[in-house]
Amino acid sequence: MAAGPAWHDNDLVFCQPDRQPWNPDHVSKRFRRLAGQAGVPVIKLHEGGRHTSNSLMRDAGVDQELRMREIGHADRDVNDRYTHPLEEAHLAAAEQTAAYLRRAGGTS
C-alpha cells in the first residue's frame with residue numbers, strides 16, 4: 001500500500017523489492033533460519049498454510065466439499081486427516097460433554 005500507484009499486483013503473498021517472486025528454496029531456507037533464531041519449531045510452509053486454512057474453514061462452518069476444492073483434496077479421508085480442530089473447538093467439545101453429563105446425572 002505504501003507503494004501507491006507504483007504497485008503492480010502480481011497475486012503473491014510476498015515478493016522481492018522489485019515485485020518478482022522469491023525462489024521457493026530461498027523462502028524455505030530463510031524461514032528455517034528465522035524459526036531457529038526464534039526458538040520455534042520448523043514446519044513446512046505448505047503444510048502450515050493448507051492445514052491451518054482447512055481447519056479454520058471447518059471451524060467456521062464451511063462445507064467440506066467446498067473446503068476440499070479450495071485446498072485441492074480429492075478424497076474426504078485425506079481432507080479429514082489434514083483438518084485439525086483448534087483449541088477453541090476442543091474447549092467447546094469439553095464443555096458440551098460436561099453439560100451433557102451434568103444433565104444425565106441430574107445436577108446443574
Q) Nearest heavy-atom pair of Ala35 and Pro41: which atoms, and what distance? A) CB-O, 4.3 Å
Q: Please tell me if the side chains of Lys29 and Arg33 come closer than 4.5 Å, counting only heavy atoms from C-beta onward.
A: no
Q. How long is the gap from CZ on Arg67 to CG on Leu56, to the nearest 0.5 Å?
A. 11.0 Å
Q. Who are the salt bridge (charged side-chain N to carboxylate O under 4.0 Å, His left out) partners of Glu65, not counting sequence neighbours?
A. Arg76
(Q) Could you list the cluster mates of Met57? Members are the ILVMFWY residues connected by side-chain heavy atoms closer than 4.5 Å, either directly or through other members. (A) Val62, Leu66, Ile71
Please identify each residue that fulfils side chain to side chain contact (heavy atoms under 4.5 Å, CB included) with [X], with sequence neighbours left out.
{"X": "Gln20", "answer": "Gln16, Asp18"}
{"X": "Asp25", "answer": "Asn23"}
{"X": "Asp75", "answer": "Asp77, Val78"}

